[in-house]
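Beneath this line is the structure, given in structure tokens, with notes to follow.
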Number of protein chains: 2
Amino acid sequence: MPETVTAAEIAGAIDHAILKPELTRTEVDADLDMAARYGIFSVCVRPSDVAHAVERLAGSGVAVGTVIGFPHGVTTTTTKVAESQQALADGAVELDMVLNIGRLRSGLLDDVEADIAAVVEAAGDRVVKVILETAYLTHDEIESGCRAAERAGAAFVKTSTGFAGGGATVEHLRLMRAAVSDAVQVKASGGVRDLDTLLEMRDLGVSRFGTSATATILDDAAARESGGVGTGARDDSSY
Amino acid sequence: MPETVTAAEIAGAIDHAILKPELTRTEVDADLDMAARYGIFSVCVRPSDVAHAVERLAGSGVAVGTVIGFPHGVTTTTTKVAESQQALADGAVELDMVLNIGRLRSGLLDDVEADIAAVVEAAGDRVVKVILETAYLTHDEIESGCRAAERAGAAFVKTSTGFAGGGATVEHLRLMRAAVSDAVQVKASGGVRDLDTLLEMRDLGVSRFGTSATATILDDAAARESGGVGTGARDDSSY
């Protein structure tokens with residue numbers, strides 16, 4: 001691990017994903033407690049778990065975020081706004097919205113931008129990240145989606161939902177980092193399953209990581225920080 | 001094909017699914033026009049396509065339905081209600097909602113029922129179908145989910161979204177048909193890719209079929225009805 005990166009810094013850049021539709025309350029709670037134990041930046045939970053997560057993580061220092069229009073991005077703008085308002089009322093402080101993938105692929109960029117802008121407006125001073133779902137997109141579409149997100153006022157562009165069969169790639173992250181100004185951050189998600197992948201992406205200018213392999217990654221970082229070679233462990237059951 | 005079933009009757013029991021997130025407007029329009037040509041019962045479109053589909057299918061006799069909380073079912077009840085109201089305002093006449101899968105698996109049946117009941121109430125006299133996503137569920141959970149749907153006033157129980165890696169099976173359809181009274185219909189979806197599968201499910205008491213293999217199935221039905229042996233064709237690219 002580069003000497004300039006600490007395990008705590010890595011923890012501070014992780015949004016731990018607790019998004020699978022089939023997770024039980026008990027499984028969600030185990031993940032929330034892990035997040036508190038490791039002191040990560042935030043959890044990204046299912047919309048109907050926001051209120052519960054906020055209550056369970058009170059005082060832990062772990063922020064609670066959620067997803068909007070997830071995972072397909074094809075709900076109406078009105079619904080995305082209503083969903084955002086509910087999420088904020090329930091205590092979410094970051095919103096990871098999926099842009100309208102079909103409209104982006106149809107070249108309807110004004111629609112895509114307006115959809116994002118409405119969520120950004122509903123979010124007020126809260127962070128909005130825009131998920132592109134790059135697995136479905138050409139390079140041109142990735143670039144135009146990123147630019148629409150920046151024009152609409154998004155704080156981040158983000159690669160993937162983790163549910164489309166393909167996640168973040170170095171190639172796509174490079175493209176995204178170059179497509180937006182320094183005012184917009186890049187989040188990698190889907191496929192961030194080990195520390196080396198995370199560090200490689202970090203070197204590209206990625207500043208936030210969505211993963212469910214959090215414990216594996218942070219245990220490895222702690223082992224390397226304490227002078228060992230680390231485990232190099234990878235969690236392929238994660239997303 | 002049984003002599004008592006006509007191709008028109010089969011067409012009248014199909015909800016043609018146009019739900020993939022990456023579909024362009026042009027691809028959606030091709031499917032809408034196919035639906036009108038074959039005279040099927042309805043199309044089930046993405047929420048942000050409802051208004052467009054209603055306009056394009058005006059006068060065709062094909063109904064427009066959409067999905068709520070799709071495909072994960074883990075949005076809040078408030079959001080599902082807002083999404084339902086928007087869908088009805090846009091002209092949808094049937095709503096296929098996904099129940100809260102995580103809560104069903106957590107045994108929180110009162111929550112599951114209240115979530116469905118809120119959508120049923122928002123829908124007024126419109127049909128609400130409840131998607132269980134059986135691929136994630138045990139037999140007990142399928143039965144208790146079906147019963148919660150009936151108590152909440154749903155018109156249909158439905159197997160799958162088509163996005164969870166497993167669709168309708170004969171075993172699950174039998175279980176669902178037995179778990180609800182005759183007042184509740186059963187819809188099979190995910191994996192209905194050929195006419196023989198559809199007919200086998202119909203014999204179990206399934207009265208509606210969600211598929212994107214509509215043209216393949218109806219061409220086969222027409223060939224058999226006109227006295228041929230049919231094609232037995234299967235569309236594995238569909239869902």
Side-chain angles (χ1 to χ4, degrees), chain A residues 18-29 45-52 66-87 89-90 92 98-108 111-112 115 131 133 135-138 141 161 163-165, chain B residues 18-29 45-52 66-87 89-90 92 98-108 111-112 115 131 133 135-138 141 161 163-165:
Chain A
I18 317 177
L19 294 170
K20 288 182 182 169
E22 71 273 25
L23 292 175
T24 62
R25 177 58 58 89
T26 306
E27 291 167 330
V28 169
D29 283 348
V45 302
R46 305 176 297 197
S48 51
D49 290 336
V50 170
H52 173 73
T66 191
V67 287
I68 304 296
F70 191 88
H72 285 183
V74 293
T75 53
T76 64
T77 301
T78 307
T79 299
K80 287 180 182 178
V81 167
E83 188 169 24
S84 300
Q85 289 165 338
Q86 179 70 44
D90 285 347
V98 187
L99 59 65
N100 194 308
I101 302 166
R103 297 217 178 159
L104 175 56
R105 293 191 67 245
S106 303
L108 300 167
D111 284 11
V112 171
D115 185 58
I131 305 173
E133 201 67 291
Y136 293 132
L137 306 178
T138 64
E141 288 159 358
T161 64
F163 293 92
Chain B
I18 316 178
L19 294 170
K20 288 183 182 168
E22 71 273 26
L23 293 175
T24 62
R25 178 58 57 90
T26 306
E27 291 167 330
V28 169
D29 283 348
V45 302
R46 305 176 298 196
S48 51
D49 291 337
V50 170
H52 173 73
T66 190
V67 287
I68 303 296
F70 191 88
H72 285 183
V74 293
T75 54
T76 64
T77 301
T78 307
T79 299
K80 286 180 183 179
V81 167
E83 189 168 23
S84 300
Q85 289 165 338
Q86 179 69 45
D90 286 347
V98 187
L99 59 67
N100 194 308
I101 301 166
R103 296 217 177 159
L104 175 57
R105 292 190 68 244
S106 303
L108 300 167
D111 284 11
V112 171
D115 185 58
I131 304 174
E133 201 66 293
Y136 292 133
L137 306 179
T138 64
E141 288 159 359
T161 64
F163 293 92

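Letters A, B, ... are given to chains in the order of the sequence lines, protein chains preceding strands, and every chain is numbered from 1.
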### Which residues share a side-chain contact (heavy atoms from CB on, under 4.5 Å) with T26(B), sequence neighbours left out
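Checked T26(B) against side-chain contact (heavy atoms from CB on, under 4.5 Å); matches are T24(B).
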### Task
Could you pull out all residues at least two apart from D111(A) that satisfy side-chain contact (heavy atoms from CB on, under 4.5 Å)?
R103(A), L108(A)
Nearest 0.5 Å, please: how far is [atom2] in [Y] from [atom1] in [X]?
X	Y	atom1	atom2	result
L23(A)	R105(B)	CG	CZ	8.0 Å
E83(A)	T78(B)	CD	OG1	10.5 Å
S48(A)	H72(B)	OG	NE2	12.0 Å

### Task
Below 4.5 Å from any heavy atom of chain A, which atoms of D115(B) appear? Answer side chain, backbone, both or neither.
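Neither; nothing under 4.5 Å.
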### Summary
If one checks every heavy atom of N100(A) against chain B at 4.5 Å, the contacting part turns out to be side chain
### Message
I'd like to know which of T79(A), V74(A), T76(A), T75(A) tops the heavy-atom pair count under 4.5 Å against chain B.
### Response
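That would be V74(A).
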## Note on the structure
In terms of heavy-atom pairs under 4.5 Å with chain B, the winner among E133(A), R25(A), Q86(A) is Q86(A)
